[in-house]
Amino acid sequence: MIDLKKYKVHFLLSLAIAICFSSLIIADGRYYIDDYGRSISGYAAWTMNGRPLAEMFMIALNFGMPLPDLFPIPQVIAVIAFAIAMTIFSYKTSKEHVYCAVIAAAFIIASPTIISNLSYRYDSATMALSVLAATASSLLWYDRCIKNAVISFIVLLATLCLYQPSSNIFVLLSFYSYLISEDDRRGAFFNLMIKVIVFILANAFYFISIVPMTISDDYNTTGSQLPDFNSAIDVIIRNTLAFYNIIYDCLSHSGFIIVSLIALLSSASMVMHICREHSNETYSVIQSMIRILFIPFAAFMIVGSMVLLKNPVFHPRVLVSYGFALAVIVGICINSSSAFRGVAIALSIALLVYLIGLFSSFSNTQKAQENYESWIIQSIADDVASAHTVKNLMIVGNPGYAPVSSVSIEKYPIIKRTIRILINGSDPWGMYQLRHFGINMKYPSAETRKEVLESYCQSETKYRPAYDFSVYRDIAVVDFTKSCK
């Protein structure tokens with residue numbers, strides 16, 4: 001039985017931090033990508049992504065279909081779920097140095113990649129619950145028994161059915177708990193091996209039983225497939241570079257310096273631990289090897305198995321374990337000497353101050369972008385209304401980012417990756433965003449679009465500050481490239 005009283009201080013501090021960071025995102029209240037479609041049509045469509053539990057949860061939360069916009073309830077659930085995950089992590093990290101452990105756990109929600117997860121008015125709850133499930137299944141182990149293994153298997157399977165990328169968290173935290181375990185080395189190693197087996201079995205069951213019954217359409221099918229043998233190396237190199245670029249954009253130069261210093265301290269503390277506890281005993285040697293490899297392993301688990309996929313999603317939202325990677329390297333320092341602990345916490349506080357600036361800047365940039373796009377869409381609505389014969393709408397190019405956003409995007413490159421411009425060429429999400437403003441026209445087919453692109457410049461053009469407007473046959477053309485002379 002879990003004694004909840006001992007978690008009280010950890011939880012209250014974690015909740016305060018979670019509210020501090022998430023409120024900057026939630027207060028903005030803007031629809032985010034999929035939200036535009038779901039709020040208009042009320043559909044679910046998570047099962048087809050291999051996330052049946054996510055769909056079941058949202059349908060239950062809404063007492064059936066369709067799914068209206070319950071903002072901010074899903075995001076409030078997400079904040080509580082993150083706070084509980086932070087509580088479990090901080091308590092596992094240190095029972096003595098509570099404040100230090102909570103600071104380490106803060107990175108779970110203060111991660112640059114979590115901004116996009118928190119931004120969803122619908123999906124934030126299920127993503128956060130998957131993070132909580134992965135954290136609980138890896139860290140809430142008190143006895144080595146079949147009962148715990150079965151529970152861990154079920155909760156990890158729930159993680160996969162909520163949001164697959166969170167399974168990386170389970171792996172990372174399993175090795176982390178092994179390194180900070182107070183058990184004897186032999187017992188800690190056997191616990192780790194049981195978790196490895198649980199991970200393999202849960203993933204095997206998911207891919208053999210759940211995936212064939214749920215995942216559908218080309219986008220989801222190809223996104224879960226492995227490449228063929230001949231193209232495997234090329235795919236891994238491509239994925240590695242793509243994910244590296246996202247991770248590289250998460251922090252500015254000063255942020256990377258701080259993270260590098262914390263990683264250096266963590267590495268030094270582990271080397272000192274190896275020297276101090278040196279032994280030729282088998283389990284001691286195994287633990288020493290894992291300590292040596294742990295920092296690069298933690299960095300790898302930000303991406304994990306997604307590097308092997310044929311067509312993974314290249315977006316910050318899938319890198320939910322980024323914050324955990326930061327948290328574990330700080331956690332290693334907390335379990336080291338007081339000198340390492342003090343310096344690591346000082347650097348962590350500096351990094352958290354930097355990250356709250358990032359969250360604030362994202363929120364302001366999001367608002368500016370919404371105002372900018374609203375002004376443009378209203379202008380498009382007026383032009384379309386004046387063209388009585390129009391049946392379809394075609395977008396050429398995109399409006400770009402709001403002029404006021406240039407400084408924020410330059411300072412924090414991850415913002416550009418997180419704020420997606422939907423009114424962009426044939427991007428179907430743009431249609432849903434336009435429908436929010438009463439523009440209910442559909443985009444033309446790919447073949448028709450190709451034909452129009454070759455001929456629309458011959459039509460009479462109206463020049464607007466952000467775009468050129470013309471009508472080709474019965475298709476309104478909004479040209480942000482202003483390429484017609």
Worksheet, complete the sentence: CE (M431) and OH (Y36) are apart, to the nearest 0.5 Å, by 15.0 Å
Discussion item. Please determine whether the number of non-hydrogen atoms from other residues, nucleotides or ligands lying under 6.0 Å from atom NZ of K411 exceeds 12.
Written reply: no
Practice prompt. State the NZ-CD distance between K416 and E410, to the nearest 0.5 angstrom.
Written response: 11.0 Å
Worksheet item: Side chains of V328 and F89: does their closest heavy-atom pair fall under 4.5 Å?
Response: yes
Worksheet item: Looking only at side chains, do Y467 and S379 share a donor and an acceptor under 3.5 Å apart?
Response: yes
Worksheet entry | Note: D382-R464 ion pair, threshold 4.0 Å (strictly below) | no
Practice prompt. Taking all heavy atoms of S408 and all of I415, pick out the closest pair and write down the distance.
Written response: O-CD1, 4.1 Å
Item to complete: Check for a donor-acceptor pair, side chain of N49 on one end and backbone N or O of R51 on the other, with a separation under 3.5 Å.
Response: no
Worksheet item: Side chains of I332 and F294: does their closest heavy-atom pair fall under 4.5 Å?
Response: yes
Discussion item. How long is the straight-line distance from OG of S361 back to CD1 of I356, given to the nearest 0.5 Å?
Written reply: 12.5 Å
Worksheet item: Any chance CZ of F437 has more than 12 other-residue heavy atoms, nucleotides or ligands included, within less than 6.0 Å?
Response: yes
Worksheet item: Just by modelled atom types, is the A44 backbone N or O under 3.5 Å from a matching donor or acceptor in the E55 side chain?
Response: no
Worksheet entry | Gap separating the CD1 atom of I329 from the CZ atom of F107, nearest 0.5 angstrom | 8.0 Å
Worksheet item: Taking T159 for the side chain and S166 for the main chain, is one N or O donor matched with an acceptor at less than 3.5 Å?
Response: no
Worksheet entry | Straight-line distance of L393 CG to I423 CD1, nearest 0.5 Å | 9.5 Å
Worksheet item: For atom CG of L241, is the number of surrounding heavy atoms from other residues, nucleotides or ligands below 6.0 Å larger than 12?
Response: yes
Discussion item. Would the distance check show the side chain of Q369 and the main-chain N or O of R420 forming a donor-acceptor pair, the cut-off being under 3.5 Å?
Written reply: no
Worksheet entry | NZ/K482: more than 12 non-hydrogen atoms of other groups inside 6.0 Å | yes
Item to complete: May I ask you to test the S445-E451 pair for a side-chain heavy-atom distance under 4.5 Å?
Response: no
Worksheet item: Quick one: does I395's side chain get under 4.5 Å of N424's, heavy atoms only?
Response: no
Discussion item. Contact between V384 and F469 at the side-chain level, heavy atoms closer than 4.5 Å - yes or no?
Written reply: yes
Item to complete: Have a look at F243 and tell me which of F314, Y248, F300 forms a ring pair (Phe, Tyr, Trp, His ring centres under 6.0 Å) with it.
Response: F314
Worksheet entry | N/O donor-acceptor pair under 3.5 Å between S321 side chain and M301 backbone | yes
Worksheet item: For W375 and P465, which heavy atoms make the closest approach, and how far apart are they?
Response: CH2-CB, 4.0 Å
Discussion item. Can you confirm if the aromatic rings of Y372 and Y401 lie within a centre distance of less than 6.0 Å?
Written reply: no
Worksheet item: Within 45 degrees of the axis of the six-membered ring of W46 and under 6.0 Å from its centre: does R38 put its NZ or CZ there?
Response: yes
Worksheet entry | Short N-O contact, R317 and D123, less than 4.0 angstrom | no
Worksheet, complete the sentence: Closest non-hydrogen atoms of C484 and D479, given as atom of the first, atom of the second and distance, are N-OD2, 4.1 Å
Worksheet item: Do F359 and I115 touch side chain to side chain, with heavy atoms closer than 4.5 Å?
Response: yes
Worksheet item: For S130 and Y163, which heavy atoms make the closest approach, and how far apart are they?
Response: OG-CB, 3.4 Å
Discussion item. Donor-acceptor pair, distance only, cut-off 3.5 Å: does the side chain of S363 make one with the backbone of L24?
Written reply: yes
Discussion item. Could you check whether atom CE of M56 has more than 12 heavy atoms from other residues, nucleotides or ligands sitting under 6.0 Å from it?
Written reply: no
Fill in: From I258, I103, I257, residue fulfilling side-chain contact (heavy atoms from CB on, under 4.5 Å) relative to L351
I258
Practice prompt. Kindly indicate, with the supporting measurements, whether the criterion side-chain contact (heavy atoms from CB on, under 4.5 Å) is fulfilled by V452 and T448.
Written response: CA-CA 6 Å; V452 175; T448 304; 4.2 Å; yes
Fill in: Heavy-atom neighbours of Y244 OH exceed 12 at 6.0 Å
no
Worksheet entry | Pair F324 and Y176, ring centroids less than 6.0 Å apart | no
Item to complete: Inspect the contact between D28 and K367 and indicate whether a charged nitrogen and a carboxylate oxygen are less than 4.0 angstrom apart.
Response: no
Worksheet item: How about L347 and L265: do any of their side-chain heavy atoms sit closer than 4.5 Å?
Response: yes
Worksheet item: Which ring pair (Phe, Tyr, Trp, His ring centres under 6.0 Å) pairs, counting each pair once, include a residue from residues 409-432, with sequence neighbours left out?
Response: Y354-Y412, W429-Y432
Report, one line per pair, each donor and acceptor closer than 3.5 Å where one atom sits in a side chain of residues 60-87; sequence neighbours left out.
| from | atom 1 | to | atom 2 | distance (Å) |
| --- | --- | --- | --- | --- |
| N62 | ND2 | M58 | O | 2.7 |
| D69 | OD1 | F71 | N | 3.1 |
| D69 | OD2 | Y31 | OH | 3.0 |
| D69 | OD2 | R121 | NE | 3.2 |
| D69 | OD2 | R121 | NH2 | 2.5 |
| Q75 | NE2 | L118 | O | 2.8 |
| T87 | OG1 | A83 | O | 2.7 |

Worksheet entry | Audit row: T113, I302, side-chain contact (heavy atoms from CB on, under 4.5 Å) steps and yes/no | CA-CA 10 Å; T113 61; I302 296 174; over 6 Å; no
Discussion item. Using a 3.5 Å distance criterion without hydrogens, assess whether the side chain of D474 forms a donor-acceptor pair with backbone atoms of T389.
Written reply: no
Discussion item. Show the nearest heavy-atom pair for residues A158 and L53, with the distance to one decimal.
Written reply: CB-CD2, 3.6 Å
Response to the item:
Heavy atoms of S119 and D35 approach each other most closely as O-OD2, 3.9 Å
Discussion item. So, taking the atom named OG in S138 and the one named NZ in K92, what distance separates them when rounded to the nearest 0.5 Å?
Written reply: 9.0 Å
Fill in: Test side-chain contact (heavy atoms from CB on, under 4.5 Å) applied to M127 and V320, step by step
CA-CA 9 Å; M127 290 176 175; V320 287; 5.7 Å; no
Worksheet item: Sub-3.5 Å donor-acceptor pair from the side chain of N168 to the main-chain atoms of V303, do we have one?
Response: yes
Discussion item. What I'd like to find out is whether the side chain of P112 reaches to under 4.5 Å of the side chain of L355, using heavy atoms alone.
Written reply: yes
Worksheet item: Given R417 and S116, is the side-chain contact (heavy atoms from CB on, under 4.5 Å) satisfied, shown in steps?
Response: CA-CA 9 Å; R417 290 186 177 273; S116 55; over 6 Å; no
